[in-house]
Amino acid sequence: MRKLCLLLLLLGCMASLHAEDGYRLWLRYERISDAALLQAYRNSIAGIYVAGNSPALQVALQELQQALPALLDKKIPVLQQAQGASLVAGTLQELGTIAKDIPASALQQAGTEGFCIFTVSAPAKRTVITANTPVGVLYGVFHFLRLLQTHEPIRQLSVISAPRLRYRLLDHWDNLNRTVERGYAGFSIWDWHKLPGYIDQRYKDYARANAAIGINGTVLNNVNANALSLSKAYLEKTAALANVFRPYGIRVYLSARFSAPMEAGGLKTADPLDPGVQQWWKDKLKEIYSYIPDFGGFLVKANSEGQPGPQNYGRTHADGANMLADALAPYKGIVMWRAFVYDAKADQDRFKQAYEEFKPLDGQFRENVAVQVKNGPIDFQPREPFHPLFGAMPQTPLMMEFQLTQEYLGFATHLVYLPGFFREVLDADTYEKGRGSTVAKVIDGTLEGHAFSGMAGVANIGNDRNWTGHPFGQANWYALGRMAWDPRLRSEKIADEWLRQTFSNDPHFVNPVKKMMLASHETLVNYMTPLGLHHIMGYSHHYGPAPWYDKAPRADWNPVYFHRADRNGIGFDRTPSGSNALGQYTPEARRQWENLRDCPDEFLLWFHHVPWTHTLHSGRTLWNEMCYRYQSGVQGVQQMLNTWDSVVRYVDEERAEQVKMLLNIQLQEASWWRDACLSYFQTFSGMPLPPGIPAPAHTLEYYQSLTFPYAPH
Ligand code: BDP
């Protein structure tokens with residue numbers, strides 16, 4: 001008997017050691033570790049009652065049934081009536097008098113997707129989660145569970161929360177063959193071949209995880225789209241996914257290939273002003289809505305990087321977007337038309353092209369169109385100034401596009417927490433309507449009074465067991481949802497929430513790791529692209545440093561086009577003496593960057609060609625500062641490793657080891673970036689490495705000879 005007990009105990013321990021594979025994301029629902037808190041929660045939550053039976057409320061109840069017994073380590077009865085229930089959830093309509101103490105103004109503030117959580121005392125003391133709609137209640141339930149998972153007090157709650165953005169989306173760059181463009185966490189989670197018959201449990205867990213952070217839409221396929229996605233067979237597959245996501249308040253969207261009328265419909269043209277083409281899209285949408293009655297709409301990449309678009313027919317982006325918008329309007333569908341465009345004429349400065357093409361179209365788009373703009377003008381670089389279109393198209397809703405998948409930030413091997421950078425962009429002042437016209441206010445619609453507002457994140461999700469490859473990649477997915485709900489949220493608060501739910505509430509763990517996360521972006525910028533360097537990565541796959549590369553077929557695919565290093569200095573002159581891209585910003589916004597003397601070091605080489613001997617704010621020459629930045633980036637990663645070593649005892653073995661291995665790779669790659677970039681730039685500066693900067697491990701020729709034919713891309 002004793003032996004059996006020991007064996008069971010051992011097996012139990014082994015199971016728990018291996019149980020943490022990261023699959024559960026922020027929905028782990030671990031038993032509350034603090035005894036006093038556990039008791040307090042148990043006292044407050046004795047029985048639950050969920051009023052109503054709509055699909056969103058059913059999944060809300062399921063979530064409570066899964067979470068509460070696990071968190072509280074106790075059976076929690078589900079009651080058929082409010083009497084005796086200390087936790088009650090339902091729409092205002094369904095709760096009736098139970099919610100009578102919740103102020104009408106609170107419900108008004110909550111709007112269609114928001115919620116209220118109040119502790120009421122009559123007729124009995126209980127927590128009431130309510131909203132105007134079932135999905136609002138679901139969001140409220142997830143919020144309540146977050147409070148428990150992050151060990152917040154729940155005795156006297158009066159929470160009112162409503163999303164500030166209407167469209168909160170993930171954009172999957174997933175292909176139909178399950179490869180993922182710039183995806184580093186395995187293959188696509190959409191198993192198109194087995195759909196619609198086989199519904200993977202992952203789809204449901206994906207929906208749960210997203211609903212928990214307020215994501216309400218998902219674009220399933222790559223922006224470099226395949227017209228096949230719009231065929232009957234694939235619409236049936238998409239409909240099956242939509243059915244899984246619907247109860248969670250998540251709509252599906254598709255990337256539409258502009259030339260689909262030709263490829264899928266056999267027409268001779270895709271000209272948006274051609275009546276036959278217009279009819280084709282109308283018929284196609286009728287078909288789509290017959291499968292998916294709440295289909296969200298289209299995301300379109302047109303006339304960019306070889307994708308077809310209205311310009312092929314001498315039409316504008318507005319002509320193209322409006323044609324699709326008209327076909328979607330009867331169903332209340334939307335068009336998200338991307339501003340990431342560049343073509344052959346971008347040679348002078350690619351920075352400027354999106355603004356030049358889109359700004360003149362302001363005011364010409366239909367009401368159900370938003371222009372979706374990447375955070376910066378070039379392309380998801382480790383740091384970019386905000387895109388000059390923000391603040392330049394007052395009559396057009398602009399959606400934010402952030403990239404979660406780390407195409408230019410070390411793939412899923414590097415730990416980099418992005419919200420600090422997102423904050424930098426959101427807090428940037430466009431001065432469109434004077435001081436305080438931040439990018440956040442542009443995208444939440446408040447600056448210009450647009451009801452249409454949104455944020456999208458290019459997803460970092462794949463079929464890796466832990467979804468994002470790097471365990472810390474989950475934090476960026478989490479943050480996207482939270483920041484789309486409220487673009488004012490601080491990155492420190494988001495990291496705190498995420499760590500507590502994903503790892504542990506122990507302050508000995510949370511505090512140092514949070515610090516490490518918050519510093520990680522600057523660290524990465526330092527070892528990859530300090531001082532405003534950009535686009536100096538390996539050609540095509542974008543892996544590793546290749547600032548020397550000059551063989552790409554287009555000038556602006558070459559790193560040398562962007563850094564412009566020579567004997568005199570380095571950097572892209574975007575002042576009036578150069579490309580004058582700065583002229584695209586309002587005078588107040590451009591003032592921070594236009595003078596070499598007071599341009600912040602972070603953006604220096606974005607806007608100026610700077611002599612190697614120029615003295616920076618630190619008092620060092622540009623060359624020396626560049627060396628120090630690269631070195632401090634490498635040291636930053638070493639510090640991350642030290643921090644991780646000091647907290648591993650608070651982490652399960654599996655994730656502790658994974659993160660450690662990844663940090664070790666990151667350290668090697670950071671050193672590689674430093675050594676390769678400094679060796680190369682030194683050929684121009686002709687200056688010695690300052691004291692404290694180690695000599696590169698290899699020759700420049702060695703770094704230049706490295707090739708990575710199978711790097712993921
Ligand atoms: C670039 C990627 C490319 C994407 C493109 C886009 O390298 O794979 O297709 O962005 O956003 O960064 O359309």
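Start at 1 and go down the list; that is how both ligands and their atoms are numbered. As the structure is a computational prediction, the values presented were derived from the model and not from experiment.
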Heavy-atom nearest neighbour in the protein, as seen from atom 13 (O) of ligand 1, with distance rounded to 0.1 Å: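 In this structure, atom 13 (O) of ligand 1 has K301 NZ, 2.6 Å as its nearest protein heavy atom.
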Protein heavy atom at shortest distance from atom 1 (C) of ligand 1: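 Residue, atom and distance for the closest contact: D379 OD2, 3.1 Å.
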Options K374, E305, Q372, E407, ranked by nearest heavy atom to atom 10 (O) of ligand 1, top entry: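 Heavy atom nearest to atom 10 (O) of ligand 1 belongs to K374.
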L533 side chain reached by F681 side chain, heavy atoms, under 4.5 Å: yes
H535 side chain reached by Q381 side chain, heavy atoms, under 4.5 Å: yes
F386 and Y585: CA distance, side-chain angles, deciding distance, ring pair (Phe, Tyr, Trp, His ring centres under 6.0 Å) verdict: CA-CA 10 Å; F386 71 89; Y585 292 97; 5.0 Å; yes
At a 4.0 Å threshold, what atoms of ligand 1 neighbour a non-hydrogen atom of [X]?
X: E181; answer: 3 (C), 4 (C), 8 (O), 9 (O)
X: N224; answer: 9 (O)
X: Y408; answer: 1 (C), 7 (O), 12 (O)
X: F340; answer: 5 (C), 6 (C), 10 (O), 11 (O), 13 (O)

CZ (F187) with more than 12 external heavy atoms under 6.0 Å: no
Ligand 1 contacted by H542 (non-hydrogen, < 4.0 Å):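 Judged by the 4.0 Å heavy-atom criterion, H542 does count as contacting ligand 1.
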Heavy-atom gap Q403 to ligand 1 smaller than 4.0 Å: no
Within-cut-off N or O pair, R182 and ligand 1, under 3.5 Å: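 For ligand 1, there is an N or O atom that lies under 3.5 Å from one belonging to R182.
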E401 N/O to ligand 1 N/O under 3.5 Å: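 Not met; the criterion fails.
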Among R629, E669, H414, side-chain hydrogen bond (donor to acceptor under 3.5 Å, both in side chains) partner for Y527: H414
Pair T269-D274, side-chain donor/acceptor within less than 3.5 Å: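 Note: T269 and D274 side chains miss the donor-acceptor criterion.
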N224 versus E181, side-chain donor and acceptor atoms under 3.5 Å: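 A pair is found: one side chain offers a donor N or O, the other an acceptor, under 3.5 Å apart.
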Option among F708, W673, Y710 that satisfies the ring-ring contact (aromatic ring centres under 6.0 Å, His included) test with Y543: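 Of the listed residues F708, W673, Y710, the ring-ring contact (aromatic ring centres under 6.0 Å, His included) partner of Y543 is F708.
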